[in-house]
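Note sheet for the following structure.
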Amino acid sequence: MALEPELFDALIDTVRRFVAERLRPLEAEVEAADAIPEAIVEEMKALGLFGLSIAEEHGGLGLTMAEECRVAIELGRTTPAFRSAFGTNVGIGSQGLVIAGTPEQKAHWLPKIARGAIITSFALTEPDVGSDSGAVKTRAVRDGDVYRLRGTKRYITNADKAQLFTVMARTGEEAGGRGVSAFLVPRDLPGVSIGEPEKKMGQKGARVADVIFDDVAVPAENRLGEEGEGFRIAMQVLDRGRLHIAAVCVGVAERLLADCVAYASERKQFGKPIAEHQLIQAMLADSKTEALAARALVLETAAAKDSGANTTMEAAAAKYFASEMVGRVADRAVQIFGGAGYIADYGIERLYRDVRLFRIYEGTSQIQQLIIARETLKRGG
Ligand SMILES: Cc1cc2nc3c(=O)[nH]c(=O)nc-3n(C[C@H](O)[C@H](O)[C@H](O)COP(=O)(O)OP(=O)(O)OC[C@H]3O[C@@H](n4cnc5c(N)ncnc54)[C@H](O)[C@@H]3O)c2cc1C
C-alpha cells in the first residue's frame with residue numbers, strides 16, 4: 001500500500017537532506033577507511049532505511065516499488081556504498097523471505113531486518129558459477145530434520161557483517177535451476193565461515209567476501225518455499241533488485257550532472273565559463289537526455305510492477321539502460337572536469353569507478369540483453 005502523499009513527500013525531503021547534509025560530507029572519509037561510520041548506520045536505522053521495502057506489519061515502511069525507486073534515486077546522489085549498508089536488507093537479502101517465507105519465518109526474521117538489528121545477505125554466486133546462476137554447485141543434502149550444506153559462495157555483499165544469508169543450493173539431481181532450493185542460513189550455525197573482504201575497484205565502504213559452508217546443519221524449517229523452487233525465488237528477487245539498482249543509477253547520474261553544471265559554470269577557459277562552450281553543452285545535453293530517459297523507464301516499470309504486471313523484461317531493460325547510461329555520464333563528467341576529473345579531491349574519478357559495478361552485479365549487461373531478447377521473442381515484440 002502506498003504511503004499518504006504528504007508522508008511520502010516528507011520522507012523524500014528527509015532522505016534528500018540526510019544525503020546532502022550527513023552523507024556527502026563523509027564521502028572521502030568512507031573511501032579512505034573502506035567503512036561506513038557506525039554512527040551513520042545508526043542514523044539510517046532511525047530513518048527506517050533498513051525497512052523501506054518490508055511491510056508495516058513486520059516493522060518496515062512498506063513502500064511500493066515506485067516509492068522505493070524514488071527513495072533509491074535520492075540515495076544515488078552520494079557514494080553508492082552508503083546505500084549498500086542497508087541495500088541487502090531492503091533488497092536481495094530480504095526479498096526471498098518476503099516472496100516465499102512462511103508466516104513463521106517472516107515473523108521471526110523480518111522485524112529484525114527492517115529495523116537493522118541484523119544484516120542479511122544474498123548468496124547465489126560461486127567461484128565457478130556467475131552468470132549461469134542456475135548451475136550452482138553448493139549442495140544441501142537432506143538428513144532427517146536438517147539439510148547438510150557444503151559449498152562456497154563468492155563476492156557476497158555485506159557478508160562480513162551479515163547474521164543471515166539467503167543461500168541457493170542444489171537439493172535435486174535435475175539439471176540447471178530446477179534442482180536448486182533456497183535456505184535461510186544464520187551466520188552462527190557451526191561450519192559457516194567468512195573469507196577476507198576483497199580489494200575492489202570502487203564502492204569502498206561496501207564489502208564483499210566469500211561465505212564458506214562446511215557441512216552446516218541447516219534446520220529443514222529454514223527452507224524457503226518447496227524443494228526445487230530456489231532458483232525461481234532468486235530470479236524474482238533479482239527482478240525487483242534490478243529495478244532498485246537502475247533507480248540508484250539514475251540518482252548517481254543526476255548527482256554527476258549537478259556537479260558538472262556547477263563546475264562548468266565556474267571554470268573559465270578562453271575568457272568565459274566552459275559551460276558557454278557548445279561542445280561542453282553537447283555533453284551536458286547528452287547526459288541530461290539519457291538520465292531523463294532512464295528515470296522515465298525506471299518509474300514507469302516500477303508503477304507497472306506495483307499494478308501486478310510481469311516486468312521481468314522491463315526491469316532488465318531498466319537495469320541495462322540505466323547502468324550503461326550512468327557509465328557514459330560518469331565518463332563525460334571526467335571530461336567536463338578535465339584534469340580535475342582525474343584527481344581524487346573532486347570526487348568525480350571516485351564515482352567513475354563506483355558506477356562500473358552497476359554493469360556487472362545482479363546480472364551483467366550481457367545477461368540483461370539475453371533476458372530482454374528472450375522475453376521480447378516470447379511476447380512477439
Ligand atoms: C562488488 C560485487 C558485489 C556482488 N554482490 C553479490 C551478492 O551480494 N550476492 C551474489 O550472489 N553475487 C554477488 N556478486 C556477484 C555478481 O552478481 C557476479 O559477479 C555477476 O553476476 C557476474 O558473474 P561472474 O563474475 O562470475 O562473471 P561471468 O559469469 O564469468 O561472466 C564473465 C563475462 O562473460 C559474460 N557472459 C557470461 N555468460 C554469457 C552469455 N551467455 N552470453 C554472453 N556473455 C556472457 C558476462 O557478461 C561477463 O562479461 C557481486 C559481485 C561484485 C563484483
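Below, each value reflects all heavy atoms present in this structure, side chains not excepted, and no hydrogens, waters or symmetry copies. Remember, it's 1-based here, ligands and their atoms both numbered in the order they're listed.
Not a single N or O atom of Lys200, backbone or side chain, sits closer than 3.5 Å to an N or O atom of ligand 1. Remark: ligand 1 and Asp132 share no N or O pair separated by less than 3.5 Å (distance only, no angle test). Here's the thing with Gln366: one of its N/O atoms is less than 3.5 angstrom from an N/O atom of ligand 1. Here's the thing with Leu370: none of its N/O atoms is less than 3.5 angstrom from an N/O atom of ligand 1. Between Thr157 and ligand 1, an N or O atom pair is found at a separation short of 3.5 Å.
By the criterion of a heavy-atom distance under 4.0 Å, the backbone of Glu362, and not its side chain, is placed next to ligand 1. Both the backbone and the side chain of Leu124 come within 4.0 Å of ligand 1, counting heavy atoms alone.
Nearest to atom 20 (C) of ligand 1 among the protein's heavy atoms is Ile360 O, 3.5 Å. Nearest protein neighbour of atom 31 (O) of ligand 1, counting heavy atoms only, is Ser131 OG, 3.7 Å. Nearest protein heavy-atom neighbour of atom 39 (C) of ligand 1: Ile367 CD1, 4.3 Å. Scanning the protein heavy atoms around atom 53 (C) of ligand 1, the nearest turns out to be Leu357 CD1, 3.6 Å. From the protein, the heavy atom lying nearest to atom 7 (C) of ligand 1 is Tyr155 O, 3.4 Å.
In this structure, Asp306 contributes its side chain and Met65 its backbone to a donor-acceptor pair below 3.5 Å. Lys106 contributes a side-chain N or O that, together with a main-chain N or O of Val98, makes up a donor-acceptor pair within less than 3.5 Å. Using modelled atom types, one side-chain atom of His277 and one backbone atom of Gln269 make a donor-acceptor pair closer than 3.5 Å.
Within a 4.0 Å radius of atom 10 (C) of ligand 1, the protein contributes one or more non-hydrogen atoms. For atom 51 (C) of ligand 1, a protein heavy-atom neighbour is present inside the 4.0 Å cut-off. For atom 41 (N) of ligand 1, a protein heavy-atom neighbour is present inside the 4.0 Å cut-off. When distances from atom 34 (O) of ligand 1 to the protein are checked, no heavy atom turns up under 4.0 Å.
In Asp145, the CG atom is not crowded: 12 or fewer heavy atoms of neighbouring residues, nucleotides or ligands sit closer than 6.0 Å. Within a 6.0 Å radius of CZ in Arg374, other residues, nucleotides and ligands contribute more than 12 heavy atoms. For Tyr361, the OH atom counts as densely surrounded, since its 6.0 Å shell holds more than 12 non-hydrogen atoms of other residues, nucleotides or ligands.
Heavy-atom proximity to Val208, at under 4.0 Å, picks out these atoms of ligand 1: 1 (C), 2 (C), 3 (C). Those atoms of ligand 1 that come under 4.0 Å of a heavy atom in Ile156, given as number and element, are 7 (C), 8 (O), 9 (N), 10 (C), 11 (O). Numbered from 1 in the order shown, with element, the atoms of ligand 1 that lie under 4.0 Å from a heavy atom of Ile92 read 8 (O).
Relative orientation of the Tyr263 and Phe337 rings is parallel, given thresholds of 30° and 60° on the angle between their planes.
A salt bridge (Lys or Arg N to Asp or Glu O under 4.0 Å) with Arg16 is found for exactly one of Glu74, Glu254, Glu21, namely Glu74. Exactly one of Asp128, Thr125, Asp210 qualifies for a side chain to side chain donor-acceptor pair (under 3.5 Å) with Arg154. That residue is Asp210.
The minimum heavy-atom distance linking Ile113 with Asn89 is given by the pair O-ND2, 3.0 Å. In terms of heavy atoms, Met325 sits closest to Cys249 at CE-O, 4.1 Å.
Heavy atoms of Thr88 stay at 4.0 angstrom or farther from ligand 1. Contact between Asn158 and ligand 1 is absent, with no heavy atom of the residue lying under 4.0 Å from the ligand.
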>> One pair to check against salt bridge (charged side-chain N to carboxylate O under 4.0 Å, His left out): Glu314 and Arg379. What are the steps and the verdict?
In response: CA-CA 12 Å; Glu314 290 81 357; Arg379 294 182 196 184; 2.9 Å; yes

>> Quick one, Arg356 with Glu349, criterion salt bridge (charged side-chain N to carboxylate O under 4.0 Å, His left out). Give me CA distance, side-chain angles, the key distance, then yes/no.
In response: CA-CA 11 Å; Arg356 191 62 184 82; Glu349 66 82 34; over 6 Å; no

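Closest to atom 24 (P) of ligand 1 by heavy atom, among Ala162, Gly130, Gly93, is Gly130. Residue nearest to atom 46 (C) of ligand 1, selected from Thr125, Thr364, Val129: Thr364 (by heavy-atom distance).
In this structure, a donor-acceptor pair under 3.5 Å is present between the side chains of Ser365 and Glu324.
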